[in-house]
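Next up is a structure, given as C-alpha cells.
Throughout, a chain's letter reflects where its sequence line sits, starting with A, and its residues are numbered from 1.
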Amino acid sequence: MESLNLNIVHMKIFKNFGNLDKDQLEQNIINTSVAGRVILLRDFGKAVFAHLQDSKGRIQIYLRKDLLGENFQLIKNIDIGDIIGVEGRLFRTKTNELTIEVKNFVFLSKSLRPLPEKWHGLKDIEARYRQRYVDLIVNPSVKETFVKRQQIIRYLREFLENEGFLEVETPIMHTIAGGARAKPFKTYHEALDMELYLRIAPELFLKRLLVGGFERVFEIGKNFRNEGISTKHNPEFTMIEFYVAYKDYNWLMDFTEKLLCYVVEKVCGALKIKYSDDIIDFTPPYKRISMYDALKEKGVPEEIFKNQEKATKWAKERGIELPKEASLPKILDEIFKETVEPFLIQPTFIIDYPVELSPLAKRKKDNPELVERFELFIAGREIANAFSELNDPIDQKERFLKQLEERLKGDEEVPEMDEDFIRALEIGMPPAAGEGIGIDRLVMLLTDNQSIRDVILFPLLRPEK
RNA sequence: GGGCCGUUAGCUCAGCUGGUAGAGCAGCUGACUCUUAAUCAGCGGGUCGGAGGUUCAAAUCCUCCACGGCUCACCA
C-alpha cells in the first residue's frame, strides 16, 4: 500500500467529490486512498471514527469491525499522532460529513509522544517556536501563514521576472560589511586565516552588477545584523533588493505601487486588507510627501529644521531621547520616528531625506543637502527603502571618508571603506534606482501577524538548558 | 542591557492570608457499530523552571540564576 497513489485530502477528494450528496455517493461507488496523521479518535468498540490530517486538510474515516474482520484488532493500537494510510469508499454520515469507509489500512509511522490537547491546542509561545513541528500540526493558521509567505516571495519574483529582472546570488560572507549601518556577525575562514562578516546588505554587490552591465537585477536572501531582538527584529531576516538602470526614484515609486498591487492582489485576493485594527488600502496612488512636510503636518515648527539648538530643545521638551552627539538631521530623524511614523497607517511614501542619513543615495539636483530617496511606510512601519543610486565615485568616496570619522570615534556600525566599490563606480555605473523590501515585515502585514517570530519558521532562541 | 510579567502532569489551566499538589483533555482497563471536544465506569501520572534562604512547615514569602513574553533602549 505504501506504493499506492495516495490522495491529498483537499486537492483530490473534496475538490472532486465534495459536491456529491448522500444518494449520489450511494449510487456511485467511489474508492479512494489517503495517508495522514490521526488527529482525533472516537472508539465505539466495534466501530471507530477518526480524523486524518494531511498537508491540505482533514477527512473523517470510519472503521468497522464487520468490514475489517481480523485486522480490526490492529485498529485498537492506533494512537492520536500516528500516521496511517487507508483506502475505502466515500460516503456521507447521518450528519452529512464526507467520510471514508475503510476497507484496508496500514500503519506508516508511530507517534511516541502525545500531541497537545485537542481542544486548546499548543498555546505556549516558547513551545510553539521551539517545537514548530508540533505547532504546525495543531495550529492550522500557522501553516497558512507560511504558505502565504512562500506565495508572497513567489509573486514578487514573478513580477520582477516579468519586468525583465535577472535574479542573482551575491556573497553572504563579506570581507567588508557594507551597504547598511549595522553591527555585523563575524565568522572565520580557516584556510585563508581570515575574518569574515555575514552580510548586512547585498547592496554594494548588486550595484557592482549594474557596473558590469546587468540593467535589472534582484536578489532575495538573508541578511544578518548583530543587534537586539524584538517583535520587529530577528538577527537573520529576509530582504529583497532590486536595481534598475536608467531610472530614478520617481519611476521607482510608480513601480513599487504596481509591484505591491500585484503581490497583494494575488496573495490576498483584494487590495484592501485587515491588519490588526486597521484596514489597509493598497489602491494607488499612495501619498507622497517630503520628510520635512510630513513633520510640518504633525505640527513640528519649521524653525527647528535648520537650527540644531532649537531642534534639540524641541525634542527634549517632548521627551524624545536623542543619541549623544546627534547631528541635526539625526535629531530630525528621531523626531520623525516619534511624531510621524506611528501615524503612517495607509501606504505613504516619505521622500527627500537629508544627505547625512543616506550615504549611498544621489543628491537632489535642486538641493544638494537632500537626496532622491523614499521610504514606504505601512501600518506605522518602514516596509521599503529606496533611492536614486549615487553613481558619482568622488562624492561616494567623500561620504565614506566622512563616515569613517565616526567609525574612528568608535561607532562600530559604520562600515569600513570599500575601496573596490569605489573602483567599480570609477569604471562607471549607469544612473539607477534601487530598493530594498523587508520580506518578513511584508509577510507580517499580509498575514496579520504582530511578531516577526510568527512569520519565521524557526526564530532564534537561546538553547533550552 | 533596564523595567514589568510569566514558568505547576504530555497539553490547557486552578491552587486564597504558608499547613499532605488538583481538574479537563491525553494515557491505561472495561462498556458501546453513524460519532463530531462522542459518552459512561474505573486506574495511573508531578524534583511545582533551578539553587539558596526564612519558617515547626514553602508551589505559596525573600535572594540569586535560567528560559520566555511584553516594553524601553539599540536598530539605514
Side-chain angles (χ1 to χ4, degrees), chain A residues 22 38-51 58-68 72 75-76 79-81 91-99 101 111-131 134-135 137-139 178-183 200-201 203 223 225-235 237 239 241 319-323 329-330 333-334 336-337 353-361 371 373 375 381-382 384-387 403 411-415 436 438 450-451 453-454 459-465:
Chain A
K22 202 174 169 92
V38 176
I39 52 161
L40 282 172
L41 201 56
R42 291 180 290 277
D43 186 344
F44 286 80
K46 296 193 183 66
V48 174
F49 285 94
H51 274 91
R58 310 176 161 185
I59 192 164
Q60 180 168 257
I61 61 172
Y62 180 42
L63 304 116
R64 296 167 56 123
K65 189 174 184 185
D66 56 4
L67 283 173
L68 292 164
F72 188 74
I75 291 293
K76 299 296 181 179
D79 285 317
I80 289 174
F91 76 109
R92 285 190 183 273
T93 61
K94 273 184 195 165
T95 51
N96 212 35
E97 178 161 347
L98 194 64
T99 303
E101 189 178 65
S111 174
L112 296 181
R113 292 178 185 262
L115 287 178
E117 205 231 344
K118 59 189 170 189
W119 189 241
H120 297 94
L122 184 67
K123 289 202 169 139
D124 182 73
I125 293 176
E126 184 176 351
R128 288 186 44 225
Y129 295 154
R130 289 198 196 278
Q131 299 180 55
V134 177
D135 192 28
I137 292 168
V138 301
N139 293 321
R181 186 189 188 112
K183 203 183 291 178
I200 56 175
E203 173 149 359
N223 290 349
R225 298 190 183 177
N226 207 338
E227 288 161 356
I229 297 177
S230 78
T231 47
K232 299 184 201 68
H233 302 84
N234 195 60
F237 62 101
M239 286 266 287
E241 286 200 10
I320 299 170
E321 288 187 44
L322 302 174
K330 188 68 193 160
D333 189 40
E334 294 296 325
F336 180 88
K337 280 180 186 169
Y353 285 75
V355 66
E356 284 90 339
L357 299 176
S358 319
L360 300 167
V371 291
R373 172 182 175 192
E375 290 191 301
R381 297 201 192 117
E382 181 196 331
N385 179 26
F387 32 83
Q403 276 193 302
D411 190 340
E412 281 182 76
E413 291 172 0
V414 177
Q450 315 304 314
S451 170
R453 286 173 220 121
D454 291 322
L460 185 67
L461 299 177
R462 288 187 160 96
E464 267 177 89
K465 282 167 193 170

Taking all non-hydrogen atoms of both residues, which atom of P415(A) and which atom of Q403(A) are closest, and how far apart? CD-NE2, 4.3 Å
Nearest 0.5 Å, what's the CD-CD1 distance between E101(A) and I61(A)? 12.0 Å
Can you give one letter per nucleotide of nucleotides 25-33 of chain B, going 5' to 3': B for a protein heavy atom under 4.0 Å from the base, S for sugar-phosphate only, - for none? BS-S---BB
Pick the closest RNA chain B nucleotide for Q131(A) and for R225(A) by heavy atoms, then say which residue is nearer the 5' end. Q131(A)
Pair assignment for RNA chain B - dot-bracket with | for other-strand partners, Watson-Crick or G-U under 3.5 Å: (((((((..((((.....[..)))).(((((.......))))).....(((((..]....))))))))))))....
For the residue pair H233(A) and G228(A), what are the closest heavy atoms and their distance? CB-O, 3.6 Å
What are the two closest heavy atoms between P116(A) and V138(A), and how far apart are they? CD-CG1, 4.0 Å
Could you tell me whether the side chain of K22(A) and the main chain of R92(A) form a donor-acceptor pair under 3.5 Å? yes
Spacing of the P atoms in C13(B) and A76(B) (rounded, Å): 38 Å
Nearest-angstrom distance, P atom, U8(B) to A14(B): 11 Å
Over all strands shown, is A182(A) touching base, sugar-phosphate only, or nothing at heavy-atom distances under 4.0 angstrom? nothing
Pick the P atom in C62(B) and in G19(B), then give their distance to the nearest Å. 15 Å
Between P on C75(B) and CG on L357(A), what's the gap in Å once rounded to a whole number? 12 Å
When rounded to the nearest Å, what value does the distance between P atoms of C5(B) and C40(B) take? 41 Å
Do Y62(A) and L67(A) make a side-chain contact, defined as non-hydrogen atoms from C-beta onward lying under 4.5 Å apart? no
Backbone N/O of E413(A) and side chain of R181(A): donor-acceptor pair under 3.5 Å: no
Is there a side-chain contact between P235(A) and I229(A), using heavy atoms and a 4.5 Å cut-off? yes
Return a single string for nucleotides 64-74 of chain B, one symbol per nucleotide in 5' to 3' order, where B is base contact, S is sugar-phosphate-only contact and - is none, cutoff 4.0 angstrom on heavy atoms. ---SSSSS--B
Between A23(B) and G15(B), how many Å separate the two C1' atoms, rounded to a whole number? 11 Å
U29(B) and G45(B), which share atom name C1', separated by this distance in whole Å: 15 Å
Grab the CZ-P distance between R42(A) and C40(B) for me, whole Å please. 15 Å
At 4.0 Å (heavy atoms only), tell me whether F387(A) reaches a base, stays on the sugar-phosphate, or touches nothing. nothing
Given the P atoms of G2(B) and U12(B), what is the spacing between them in whole Å? 29 Å
Mind calculating the distance between NZ (K123(A)) and C1' (G24(B)) to the nearest angstrom? 13 Å
For G10(B) and G27(B), measure between their P atoms and round to the nearest Å. 15 Å
When we call it a touch if two heavy atoms are under 4.0 Å apart, what does Q403(A) touch: a base, just sugar-phosphate, or nothing? base
Starting from C1' on G10(B), measure out to CD1 on I39(A) and report it in whole angstrom. 18 Å
Nearest-angstrom distance from the residue atom CD of Q60(A) to P of U35(B): 10 Å
May I ask you to test the E356(A)-K330(A) pair for a side-chain heavy-atom distance under 4.5 Å? no
Starting from C1' on G10(B), measure out to CZ on R128(A) and report it in whole angstrom. 18 Å
Closer than 4.0 angstrom, basic N to acidic O: yes or no for K76(A) and D43(A)? yes
To the nearest 0.5 Å, how far apart are CZ in F49(A) and CD in E97(A)? 9.0 Å
Rounded to the Å, how far apart are R113(A) CZ and A9(B) P? 15 Å
Starting at atom NE2 of H120(A), determine the distance to atom C1' of A14(B), rounded to an integer number of angstrom. 12 Å
Might you point out which heavy atoms bring L122(A) and V134(A) nearest each other, and give the distance in Å? CD2-CG1, 3.9 Å
D454(A), D135(A), D124(A) screened by side-chain hydrogen bond (donor to acceptor under 3.5 Å, both in side chains) with Y129(A), the one that passes: D454(A)
Nearest-nucleotide 5' precedence on RNA chain B, G121(A) against K330(A): G121(A)
Report which part of the nucleic acid I200(A) touches: base, sugar-phosphate, or nothing (heavy-atom distance under 4.0 Å, all strands). nothing
